[in-house]
Amino acid sequence: MESLRQNLAAVRERIARAAEGAGRDQAGITLLAVTKIFPAAAIQEAYDLGLREFGENYVQEFEGKAAQVGGLAGARFHLIGHLQSNKSKKAVELFRVIQTVDSARLARRLNEALVRPGPPVADLAIGPAGESPLDVMLEVKLSGEDAKSGAEPAELPALIEAVRGCQNLRLTGLMTMPPWSDDSEASRPYFRRLRELAEQHGLTGLSMGMSHDLETAIEEGATCVRVGTALFGKRKKV
Ligand SMILES: *Cc1c(COP(=O)(O)O)cnc(C)c1O
């Protein structure tokens, strides 16, 4: 707990400095605590220290933790790993935000999964926790062959139109993950490109930046940084 408390203070300080350096209000930057591989107890600790936004990569893994932390008041869980459309139903039960929508087919499956069967009240879509719609971001592949998932920039116009046609989904922005490099400057062109794409399409949310390159991401306009290692330490390999 003590080390998480210190790590959190350090990460918040990094975010504050980067925001200040970029002339931005840090209130516009969400710290998403990435808890993949770590147990539910880590989420509880982070929650007790005031964190409310959490990122998980795998539907199945989070299903196991949700029994313990799914009901934490005010906590919002974001899916940040690739989602197979056959897991859409489960995903909308577990997550409030899906950051990795990368096809129209997946968007439609999520949209359908949010419509509850039953009497015609169902016109009013009811999402998880009785709230609707579901916030989604589009994962964009900017690094050619390296990335396994994400939509190509050229596919964005059609994908955005498809998502905007889904009444149970609310499109909030774009997300990306540059190829790994320990030099944070290497991420900059990807972050910049994502911001340009968002601007072109009238989107304001930008989920980009992780433990090693969050400053660069904030300089380039990130509204959500996804931080695991700098908060919780190194993950064990699975
Ligand atoms: C694991 C992961 C993160 C967090 O990475 P760290 O380097 O541990 O901060 C962020 N985003 C995605 C999509 C991830 O899979």
Side-chain angles (χ1 to χ4, degrees), residues 3-4 6-15 17-18 29-40 42-43 45-46 49 51-65 76-84 87 91 94-103 106 135-143 146-151 172-188 190-191 193-195 198 205-238:
S3 67
L4 178 57
Q6 287 164 2
N7 291 347
L8 176 58
V11 168
R12 286 202 166 127
E13 176 66 22
R14 286 175 61 192
I15 292 172
R17 275 172 194 256
I29 302 160
T30 298
L31 170 58
L32 185 72
V34 176
T35 47
K36 62 170 174 236
I37 316 294
F38 287 97
I43 299 175
E45 269 186 44
L49 291 170
L51 286 166
R52 291 295 179 270
E53 309 286 326
F54 299 94
E56 286 275 340
N57 287 62
Y58 312 100
V59 172
Q60 209 165 341
E61 183 195 332
F62 183 58
E63 198 178 2
K65 304 178 198 177
R76 287 167 23 107
F77 295 95
H78 301 230
L79 182 66
I80 61 170
H82 179 65
L83 176 61
Q84 288 171 305
K87 293 200 175 136
L94 294 169
F95 296 99
R96 287 286 306 278
V97 184
I98 309 277
Q99 293 201 359
T100 49
V101 171
D102 61 0
S103 72
L106 175 57
D135 285 346
V136 301
M137 299 184 111
L138 305 179
E139 182 178 3
V140 186
K141 172 164 43 176
L142 297 175
S143 52
D146 294 350
K148 288 159 242 113
S149 56
T172 64
L174 304 179
M175 177 270 205
T176 201
M177 187 148 147
W180 170 261
S181 162
D182 50 21
D183 173 11
S184 65
E185 278 305 312
S187 301
R188 190 180 298 278
Y190 298 97
F191 295 155
R193 180 89 174 102
L194 195 73
R195 186 188 62 206
L206 286 172
S207 173
M208 56 191 198
M210 317 198 300
S211 291
H212 68 291
D213 58 9
L214 66 87
E215 285 88 353
T216 310
I218 289 169
E219 285 162 19
E220 295 301 329
T223 61
C224 172
V225 290
R226 309 180 307 264
V227 180
T229 311
L231 290 173
F232 302 100
K234 267 195 155 48
R235 290 176 290 273
K236 299 215 166 58
K237 288 267 184 284
V238 270

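Whatever order the structure lists them in is the order used to number ligands and atoms, beginning at 1.
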Nearest-contact summary for atom 10 (C) of ligand 1 - protein heavy atom, Å: Met210 SD, 3.2 Å

Tell me if the CZ atom of Arg17 is crowded by more than 12 foreign heavy atoms within 6.0 Å. no

Distance check, rounded to the nearest 0.5 Å: Ile80 atom CD1 versus Met177 atom CE? 8.0 Å

Should we count CD of Glu185 as having more than 12 external heavy atoms under 6.0 Å? yes

Shortest protein heavy-atom distance from atom 11 (N) of ligand 1, along with the residue and atom involved: Arg226 NE, 2.8 Å

Please state which protein non-hydrogen atom is closest to atom 8 (O) of ligand 1 and give its distance, to 0.1 Å? Thr229 OG1, 2.5 Å

Geometry only, no angles: is His212 polar-contacting ligand 1 at N/O separations under 3.5 Å? no

Does any N/O atom on Gly228 come nearer than 3.5 Å to any N/O atom on ligand 1? yes

Ligand-side contact atoms (ligand 1) for residue partner Val227, heavy atom cut-off under 4.0 Å: 9 (O)

Quick test of your reading of the structure: of Ser211, Gly233, Ser149, whose heavy atom lies closest to atom 6 (P) of ligand 1? Ser211

Show the atoms of ligand 1 that are less than 4.0 angstrom away from any heavy atom in Ile80. 11 (N), 12 (C), 13 (C), 14 (C)

Tell me which protein heavy atom sits closest to atom 1 (C) of ligand 1, plus the residue, atom name and distance to 0.1 Å. Lys36 NZ, 1.4 Å

Classify the side-chain pair Thr30/Glu53 by whether it contains a donor and acceptor separated by less than 3.5 Å. no

Side chain to side chain contact (heavy atoms under 4.5 Å, CB included) partner of Glu220, chosen from Glu215, Met208, Arg193: Met208

Begin from the C-alpha positions of Phe77 and Phe54 and carry the test ring-ring contact (aromatic ring centres under 6.0 Å, His included) through to its verdict. CA-CA 5 Å; Phe77 295 95; Phe54 299 94; 5.5 Å; yes

Output the list of atoms in ligand 1 that are nearer than 4.0 Å to some heavy atom of Asn57, sorted by atom number. 14 (C), 15 (O)

Among all protein heavy atoms in this structure, tell me which lies nearest to atom 13 (C) of ligand 1, with the distance rounded to 0.1 Å. Met177 SD, 3.3 Å

Positive for side chain to side chain donor-acceptor pair (under 3.5 Å) with Thr35, one of Lys65, Glu56, Glu61: Glu56

How far apart are the closest heavy atoms of Thr176 and Val140, and which atoms are they? OG1-O, 2.7 Å

